[in-house]
2 protein chains.
Amino acid sequence: MGDETFSSKNKQVILNNYVNGFAKESDMSLRISTINLKIPEGCNGAILVKNLYLSCDPYMISRMKIVEGYFIESFTPGSPIAGGGVFKVMDSSHPNYQKGDIISGFTRWEEYSLITDTTLCIKIEEDKDVPLSYYTGVLGMPGMTAYAGFFELCSPKEGQTVFVSAASGAVGQLVGQFAKSTGCYVVGSAGSKDKVDLLKNKFGFDEAFNYKGEQDYSAALKRYFPDGIDIYFDNVGGKMLEAALNNMRVHGCVAVCGMISQYGLEQPEGVHNLFTLVSKRVRVEGFLVGDYYHLYPKFLEMVLPRIKEGKITYVEDIVEGLESAPSALVGLLSGHNVGKQVVLVSRE
Amino acid sequence: MGDETFSSKNKQVILNNYVNGFAKESDMSLRISTINLKIPEGCNGAILVKNLYLSCDPYMISRMKIVEGYFIESFTPGSPIAGGGVFKVMDSSHPNYQKGDIISGFTRWEEYSLITDTTLCIKIEEDKDVPLSYYTGVLGMPGMTAYAGFFELCSPKEGQTVFVSAASGAVGQLVGQFAKSTGCYVVGSAGSKDKVDLLKNKFGFDEAFNYKGEQDYSAALKRYFPDGIDIYFDNVGGKMLEAALNNMRVHGCVAVCGMISQYGLEQPEGVHNLFTLVSKRVRVEGFLVGDYYHLYPKFLEMVLPRIKEGKITYVEDIVEGLESAPSALVGLLSGHNVGKQVVLVSRE
């Protein structure tokens with residue numbers, strides 16, 4: 001028999017061209033190609049996988065552009081985009097992975113992928129109490145991001161005041177819960193009444209507000225933090241960062257995780273009040289989760305039992321099928337998602 | 001005999017009114033009042049001093065304005081302005097100070113001052129090898145600022161690359177010398193050819209440039225730091241901060257000491273590239289020297305011998321007489337001074 005028995009159609013999400021300004025659904029297209037479901041001869045250390053869940057993350061939108069000095073290279077027009085995901089091994093030439101293993105790691109947006117760089121692959125111990133999709137979120141990169149950014153950068157203490165923007169998102173909802181479990185007062189901002197309800201009623205934030213209903217972010221923060229903010233976990237940048245700086249307490253700390261309000265702009269907004277850093281002795285620090293993966297086992301040990309005990313809640317927004325993936329991804333920019341945005345490619 | 005035998009004329013520099021925009025010499029005026037050169041009855045713990053040297057510092061210009069959230073209160077229109085200085089005790093009701101003592105501390109811009117709050121007073125051990133004026137600079141607040149900002153915030157290591165703006169100023173010239181003594185590569189910016197020469201030939205900076213001759217600060221920094229900046233000691237803010245952020249290395253650090261380029265502006269310039277903090281994992285931290293005065297003895301122990309041995313050089317720009325004080329102060333904004341700006345009020 002020839003190789004053709006192993007060949008399969010492979011639906012892919014392709015970047016059409018480098019994006020200027022706001023990314024749109026039409027910047028991507030679906031393509032059906034074919035893939036051989038066996039590892040090619042001589043391709044040692046690779047795995048051939050079926051993608052189950054794909055993660056939609058804001059940084060991916062920046063990879064659709066040419067951004068000077070960005071920490072990770074741009075996607076290649078004409079090829080599938082890529083990101084975090086959960087996948088199942090169909091064939092392996094890697095000693096650590098066998099057919100049937102479930103893995104979280106980096107993959108391409110397509111049904112089947114040949115993964116030759118397995119550096120960021122982590123084998124998942126399946127557990128009926130924990131959905132596999134969680135490995136794109138609370139148990140994956142966003143979870144580690146919340147953990148490293150909040151605990152490592154901000155060194156939170158009981159009784160401190162914490163503000164989280166994009167607070168119902170993949171990272172924000174966890175930062176809020178970590179802050180509450182540390183004994184902090186925590187307020188979140190989000191972009192709809194439903195999200196605000198989620199923050200207060202599901203995630204246990206002390207307060208929450210819809211930024212779209214506020215004319216003056218600084219005044220809004222003043223209402224919720226009459227004595228100022230000790231820790232600002234920034235997911236949005238721009239005007240909200242400026243407003244938070246106006247409300248920081250002396251020796252406060254800003255962990256800059258992302259700046260989603262700026263990703264679609266040709267010219268990012270200017271932040272005009274950086275002198276506050278001097279007068280209030282504030283530290284602003286950016287970080288990338290990749291620098292903290294050595295903490296992953298410690299993180300998992302902390303978070304996994306809490307999820308099973310229901311002490312940590314996680315909300316996902318799952319769309320089904322690669323056809324729905326482009327709109328799910330660009331929907332992040334307008335806050336279309338409620339909770340962590342995931343694409344279900346296949347249930348098994 | 002009556003009290004009038006102790007009374008003296010007292011020349012003062014008065015703030016006329018709160019300033020908008022750039023402070024000008026005409027925002028201050030000279031006034032001759034009278035002062036009793038004895039401590040008033042019942043005024044325990046005070047000292048009556050003759051001011052010898054007054055320090056001109058950029059933060060004082062902000063105190064001429066109403067600035068919301070500033071770390072120190074505004075000056076009072078109709079009263080003398082105030083700042084650091086070196087003075088001689090003429091009368092004392094304070095147990096630690098006696099007539100004839102030389103003290104560095106905070107005083108008012110006038111010939112004689114009654115100082116009731118002696119919290120920040122430090123008695124100077126006179127030393128013929130160290131000019132008294134140095135206690136307004138290298139041995140005073142600016143020296144401590146350079147020391148705390150560079151060593152405590154930036155934790156410099158041998159071989160790192162350091163950029164200092166306003167590098168020939170009271171603080172900058174020391175940061176550069178501290179960086180060299182740590183084994184760093186250090187580049188300074190300043191506002192004239194003479195200052196650039198000073199940086200390279202007197203203070204031992206590896207390189208220096210005149211920012212007024214550069215169209216594109218970011219490109220200028222790229223020339224001097226082809227592999228990026230590890231530490232930026234920021235004295236100016238605004239466009240130079242933005243340019244430095246463009247050139248930071250991964251895990252670089254920015255210590256924000258001041259933002260003199262912004263003090264005269266109605267609306268401070270916006271910094272647009274803060275996403276660099278994320279992609280390069282950069283820390284930006286503001287500080288005030290007041291938080292570090294517990295380190296003063298350690299600082300003095302380090303710096304005093306080095307000054308005497310000629311290992312630390314310090315350049316002052318001394319004007320004589322309170323008449324010259326207003327223009328010396330506002331001259332800081334345009335970089336009129338070469339080195340630490342001091343006003344000599346009286347030689348003894």
Side-chain angles (χ1 to χ4, degrees), chain A residues 58-59 62 67-72 145 148-149 153 218 228 234-239 241-242 245-263 265-292, chain B residues 58-59 62 67-72 145 148-149 153 218 228 234-239 241-242 245-263 265-292:
Chain A
Y59 80 93
S62 299
V67 182
E68 208 189 332
Y70 201 56
F71 67 96
I72 188 171
T145 300
L153 269 79
S218 192
D234 186 15
N235 289 307
V236 303
K239 290 195 189 345
L241 172 55
E242 194 163 82
L245 288 177
N246 282 336
N247 284 279
M248 293 307 289
R249 296 185 72 172
V250 166
H251 294 299
C253 154
V254 179
V256 189
C257 176
M259 296 193 164
I260 196 169
S261 74
Q262 307 295 298
Y263 297 163
L265 306 179
E266 285 294 318
Q267 156 86 324
E269 292 170 324
V271 171
H272 297 81
N273 60 346
L274 291 176
F275 189 76
T276 315
L277 304 189
V278 179
S279 52
K280 303 278 188 67
R281 299 84 124 184
V282 167
R283 173 167 57 94
V284 180
E285 191 164 357
F287 71 103
L288 289 175
V289 66
D291 293 336
Y292 297 90
Chain B
Y59 81 92
S62 300
V67 181
E68 207 190 332
Y70 201 57
F71 67 97
I72 188 172
T145 300
L153 268 81
S218 192
D234 185 16
N235 289 307
V236 303
K239 290 195 188 346
L241 172 55
E242 193 164 83
L245 288 177
N246 282 336
N247 284 279
M248 294 306 289
R249 297 184 72 171
V250 166
H251 295 301
C253 154
V254 179
V256 189
C257 176
M259 297 194 164
I260 197 168
S261 73
Q262 307 295 297
Y263 296 164
L265 307 179
E266 285 295 319
Q267 156 86 324
E269 292 170 324
V271 172
H272 297 81
N273 59 347
L274 291 176
F275 189 75
T276 315
L277 304 190
V278 179
S279 52
K280 302 278 187 65
R281 297 84 122 186
V282 167
R283 173 167 56 93
V284 181
E285 192 164 355
F287 71 102
L288 289 175
V289 66
D291 293 336
Y292 296 90

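Predicted model only: the values in this text are computed from it and were never measured. Numbered from 1 within each chain, the chains take letters A, B, ... in sequence-line order.
- With sequence neighbours excluded, the residues that form a side-chain contact (heavy atoms from CB on, under 4.5 Å) with B/P268 are B/Q262.
- The choice from A/M259, A/R281, A/Q267, A/E285 that makes the most heavy-atom pairs within less than 4.5 Å of chain B is A/R281.
- Checking side-chain atoms of A/N235 against main-chain N and O of A/I260 turns up no donor-acceptor pair under 3.5 Å.
- Among residues 250-257 of chain B, the residues having any heavy atom closer than 4.5 Å to a heavy atom of chain A are, in sequence order, B/H251, B/V256, B/C257.
- Listed by sequence position, B/G270, B/V271, B/H272, B/L274, B/F275, B/L277, B/V278, B/S279, B/K280 are the residues of residues 270-280 of chain B in contact with chain A, using a 4.5 angstrom heavy-atom cutoff.
- Heavy atoms closer than 4.5 Å to chain B are found nowhere in A/L153, neither backbone nor side chain.
- Evaluation of the salt bridge (charged side-chain N to carboxylate O under 4.0 Å, His left out) rule for B/E242 yields no partner, not counting sequence neighbours.
- Neither the backbone nor the side chain of A/D234 comes within less than 4.5 Å of any heavy atom of chain B.
- Side chain of A/T145 to main chain of A/V289: no donor-acceptor pair is present (N/O by atom type, distance under 3.5 Å, no hydrogens or angles).
- The two atoms that bring A/G258 and A/Y263 nearest to each other are CA-OH, 3.5 Å, heavy atoms only.
- Heavy-atom minimum distance, B/S261 versus B/G237: OG-O, 3.6 Å.
- Note that CG of A/N246 and CG of A/L241 are 10.0 Å apart. Values are rounded to the nearest 0.5 Å.
- Heavy atoms closer than 4.5 Å to chain B are found in both the backbone and the side chain of A/V284.
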